[in-house]
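The next block holds one structure in the form of C-alpha cells; read it before the comments.
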Amino acid sequence: MGMAPRESKAAVKKKRVRRTIIILLVVAVVLVAAVLILRQYVTENYGTSSESEIETAEVTTGSIISTVSGSGTLTSDDVEEVTIPSSVSISTYYVSEEDTVEEGDVLATVDTDSVLEALADVQTQLDELDEELEEASEDAVSSTLTSSVSGRVKVIYAEVDDDVSSVMYEYGALMILSLDGYMAVDIETTDYAVGDSVTVVDSDGDSYTGTVSAVSAGVTTILLTDNGPAYQDTVTVDETYTGTLYIHEPLKITGYAGTVSAVSVSENTSVSSGTTLLTLSNTSYSANYNQLLAEREELEELYQTLITLYKDGAIVAPISGTVESVSSTSSSSSSTSSMTGDSSSASSSSETTVVTINPNTSMSVTISVDETDILSVAVGQEATITVSSIGDDEFTGFVTEVDTTATSSGGVSVYSVVVTVDKTDEMLSGMSASVYITIEGVENALLLPEDAVQSTSSTSYVYTEYDETTGELSGMVEVTTGLSNGTYVEITDGLSEGDTVYYAESEDDSSSFSFGGMDRSDSSGSSGFSMGGSNSGGMDMGGGNSGGGGMSMPGGE
C-alpha cells in the first residue's frame, strides 16, 4: 500500500488556522449564550422582573417617635437612713428587715444613760467653740478701705450699693491710684531723644507739657502730669502722633467682701496714707470664723437630736415604708471618747446608721448615652421602661438627671442619664431594665416603611409605578423625610396619604444561585462562573475561590 502524500507545511498551517478560527467562533457563541442566560437568570431572580420580590406600600397616617435607648439596673429612691450619735447605745430593736412601718412607729429604744453622757460631751464642745468664736470675731473684714500710701485717685470702679466681689471680678480692682505723679503715653517713633519736651493734647483739647523718658525698639515713652489727664484717654503728641494714656506707677485698691455704702474720694483727688477711700457694709467674718460657726451649727443639731432621744427614750420612723436593714449590734463600736477633744470631731461622721427605710415610692435606672445623642436628652422627657424579670409590661418614667461630665467607653464619650419610674410591688433593686427615652414625636405623620425609601447623599426618592411585563420600577418621586424609628420613616413632602409606592425586597448578602452547569455563590469570593462539568469539554471562567476573572478551555484539540 502506498503512503498518502505528505501535506506541505503551508497546508498544515492553513488547517491549524482554520481549526483555531472554528474553536474561537464556538467559544464566542458559547460565551454570548452564557452571558444571555446569566442576564436572564439574574433579571428573573434578582432584578425587578419577579413579582414575588417587588413589595408595595401605601402611605399611611400615624404617630412616630424618635428614641434614645439604654439599659441599667433598678435602684430604690429616697431610702432614709435613721442615724443616732455614735456614743448612744441601743437597748432593744422592735423591727426586723422587710418589716413594714408607718411614720412615727418605734424602731428601737435607747440607753438613757448613754444619751446623758453624750449631752455632756456636746455641751463641753459648744462652750469651747464659743470661746474660739469670740477670738475669731476680731478677724472680721474691716468696714473701711484706706490708702496705705500717698498718691492720686485716677480710676474709681466701685459705686454705692455695688457688691465688692462683683466689682473685683469685672475690673480686677475697686479703684486705681497713681503713685509717682505721672501719666504716660507710648508712640511709635524714634524721632525724639530722652529729655526732649513735647506738647500733649487730650481729647478735650487741653494741652500738657510732656517729657521723653525712654526711646527703645522704635517706641518713645512720654511722661506728663497725672493731675488732670484722664486714664485711657486718646492724646495727640506734637500734632503728629497719637497714643493712649496709662498710669505710670499704678496701685490697685482691692477687697473681697461686703457692699459699697460710700465712696469717700473722687477721681484726680490727692490722697495720703490712711485716707478713707471706701466704706463697706455687710462685711463678712474671716474664713476661720465662718468655719467655726458652721461647726457650732452641726453641734447644735446634734444636741437637739440627743435632747429628743432623751425625752422620747426611743427612735421613731421618720417615714413610712419597708425596713431594708437593721444594725447588727446593739451599740456603736465608736467609743464615747470620740465625742470629746477638738470641736472638729463633732460632725456627721460621729453618727451611726441603725435602720434604713425604703419608702417604696419610686425607682431609678441609670443609663449611658453617647455623645451623638446626649444633646437631645433633657430633664423631664418621658421614657418607657421594661423589666425583663417582670415580663413585657411597659412602665412610664421621666428623665430626672442628665450628667454633662463625660466618661470614655471604648473610645467613645458617654454620659449618665437617670430615669425615674413609680415603683410597683414586683420591682426589686438590682433588676435589669431597658429604657427608651422619647426624644421627639409627631402625631398624624405620613409614614412609609424605611425599605421603601431610596436614598443618596443628596436626596431621597420612591418609585410610584411598576411594569409587571418588563419588571421595571419607574415613576421616581423625590421625597423629604423626617423622623425615623428604624422601621418606619416620616414623609414630610412629596407624597400624600394613600399613595402607593413600589420597592424591591431586600436580599440576604449570602444569597447564591445555580442553573444548568452554572454556579454562582457570593460566599466564595469568586467573580466568575463556570459552564460544563468535565475537564474534557467545557469552559471555565473565574477560577473558583481564587477570585480570578480569566478563561480556560480544557480538553483536546
Working note: Thr269 + Thr275, criterion side-chain contact (heavy atoms from CB on, under 4.5 Å); need CA distance, chi angles, decisive distance, verdict. CA-CA 11 Å; Thr269 299; Thr275 300; over 6 Å; no
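- Using a distance-only test at 3.5 Å, with no hydrogens or angles considered, no donor-acceptor pair links the side chain of Ser281 to the main chain of Ser261.
- Residues Val387 and Thr424 fail the side-chain proximity criterion, which asks for heavy atoms closer than 4.5 Å.
- More than 12 non-hydrogen atoms from other residues, nucleotides or ligands lie less than 6.0 angstrom from OH of Tyr246.
- Here Tyr157 contributes atom OH and Glu170 contributes atom CD; the two are 10.0 Å apart, rounded to the nearest 0.5 Å.
- Side-chain atoms of Asp204 never come within 3.5 Å of backbone atoms of Asp206 as a donor-acceptor pair (strictly under, hydrogens ignored).
- More than 12 heavy atoms of other residues, nucleotides or ligands lie within 6.0 Å of OH in Tyr241, so this atom counts as buried by the packing criterion.
- Asp163 and Ser165 share a donor-acceptor pair across their side chains, judged by distance under 3.5 Å alone.
- Qualifying side chain to side chain contact (heavy atoms under 4.5 Å, CB included) partners for Glu401, counting only residues two or more places apart in sequence or in other chains: Val418.
- With values rounded to the nearest 0.5 angstrom, Leu309 atom CG is found 6.0 Å from Ile315 atom CD1.
- Between Met427 and Ile390, the shortest heavy-atom distance links the atoms CG-CD1, 3.8 Å.
- With Asn358 contributing its side chain and Asn360 its backbone, the two residues share a donor-acceptor pair below 3.5 Å.
- Annotation for Asp127: atom CG counts as buried by contact number, over 12 foreign heavy atoms lying within 6.0 Å.
- With 3.5 Å as the limit, one finds no donor-acceptor pair spanning the side chains of Thr420 and Ser362.
- With sequence neighbours left out, Thr199 forms a side-chain hydrogen bond (donor to acceptor under 3.5 Å, both in side chains) with no residue at all.
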Please lay out, stage by stage, how Ile64 and Val489 fare under the test side-chain contact (heavy atoms from CB on, under 4.5 Å). CA-CA 8 Å; Ile64 186 170; Val489 62; 5.7 Å; no
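- Remark: Thr259 OG1 to Asp161 CG distance equals 7.5 Å, nearest 0.5 Å.
- Remark: the backbone N or O of Glu239 is not paired with any side-chain donor or acceptor of Thr236 at under 3.5 angstrom.
- Side-chain N/O atoms of Ser71 and Ser434 include no donor and acceptor closer than 3.5 Å.
- You'll find the side chain of Ser178 stays beyond 4.5 Å of the side chain of Tyr231, heavy atoms only.
- The two residues Tyr208 and Asn227 come nearest to each other via the heavy atoms CE2-O, 4.4 Å.
- Sequence neighbours left out, not one pair with a member in residues 354-371 passes salt bridge (charged side-chain N to carboxylate O under 4.0 Å, His left out).
- Annotation for Thr220 and Thr189: closest pair OG1-O, 2.6 Å, computed over non-hydrogen atoms.
- For residues 72-100, the set of pairs meeting the salt bridge (charged side-chain N to carboxylate O under 4.0 Å, His left out) definition, not counting sequence neighbours, is empty.
- For CD of Glu188, the number of neighbouring non-hydrogen atoms (other residues, nucleotides, ligands) closer than 6.0 Å is 12 at most.
- Under the 3.5 Å distance criterion, the side-chain polar atoms of Gln381 are matched with a main-chain donor or acceptor of Ser376.
- By the side-chain hydrogen bond (donor to acceptor under 3.5 Å, both in side chains) test, Ser320 is found to be paired with Glu102, residues two or more places apart in sequence or in another chain being considered.
- Legend: residues meeting side-chain hydrogen bond (donor to acceptor under 3.5 Å, both in side chains) with Thr244, ordered by chain and number and at least two apart, are absent.
- Under the 4.5 Å side-chain criterion, counting only non-hydrogen atoms from C-beta, Val323 is not in contact with Ser96.
- Taking the side chain as every heavy atom from C-beta outward, Val110 and Ile90 approach each other to under 4.5 Å.
- Side-chain atoms of Thr75 never come within 3.5 Å of backbone atoms of Ser429 as a donor-acceptor pair (strictly under, hydrogens ignored).
- Between Val377 and Ile439 there is a side-chain heavy-atom pair separated by less than 4.5 Å.
- Judged purely by distance below 3.5 Å, without hydrogens or angles, the side chains of Asp111 and Ser91 never pair a donor atom with an acceptor atom.
- Across every non-hydrogen atom of Gly228 and Lys154, the tightest pair is N-NZ, 4.2 Å.
- Considering every non-hydrogen atom in both Val106 and Val95, the closest pair reads O-CG1, 4.2 Å.
- Rounding to the nearest 0.5 angstrom, the gap separating the CZ atom in Arg296 from the CD atom in Gln291 is 15.5 Å.
- Surrounding CD of Glu394 are at most 12 heavy atoms belonging to other residues, nucleotides or ligands under 6.0 Å away.
- Looking at Asp180, its side chain does come within 3.5 Å of a backbone N or O of Tyr182 through a donor-acceptor pair.
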Pair Val260-Val164, side-chain contact (heavy atoms from CB on, under 4.5 Å): steps then yes or no: CA-CA 7 Å; Val260 178; Val164 169; 4.2 Å; yes
Could you go step by step and tell me if Leu145 and Met175 meet the side-chain contact (heavy atoms from CB on, under 4.5 Å) rule? CA-CA 11 Å; Leu145 292 179; Met175 62 175 63; over 6 Å; no
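- Under a 3.5 Å cut-off, the side chain of Thr492 and the backbone N or O of Thr480 do form a donor-acceptor pair.
- A donor atom on one side chain and an acceptor atom on the other are not found under 3.5 Å apart for Asp121 and Gln125.
- The distance from the OG atom of Ser147 to the CG atom of Leu179 is 8.0 Å, given to the nearest 0.5 Å.
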Apply side-chain hydrogen bond (donor to acceptor under 3.5 Å, both in side chains) to residues Ser455 and Ser460 and explain how you reach the verdict. CA-CA 4 Å; Ser455 297; Ser460 296; 3.2 Å; yes
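- The shortest distance between side-chain heavy atoms of Leu224 and Pro229 falls below 4.5 Å.
- Remark: side-chain polar atoms of Thr67 are not paired, donor with acceptor, to backbone N or O of Ser69 under 3.5 angstrom.
- The shortest distance between side-chain heavy atoms of Asp162 and Leu174 does not fall below 4.5 Å.
- In this structure, the side chain of Ser66 does not engage the main chain of Glu440 through any donor-acceptor pair within 3.5 Å.
- Annotation for Val365 and Ala433: closest pair CG2-CB, 4.0 Å, computed over non-hydrogen atoms.
- In this structure, CZ in Arg152 is found 5.0 Å from CG in Asp226, a value given to the nearest 0.5 Å.
- Side-chain polar atoms of Thr234 and Ser203 form no donor-acceptor pair below 3.5 angstrom.
- Contact of the Asp393 side chain with the Glu426 side chain is not registered, since no non-hydrogen atoms from C-beta on lie closer than 4.5 Å.
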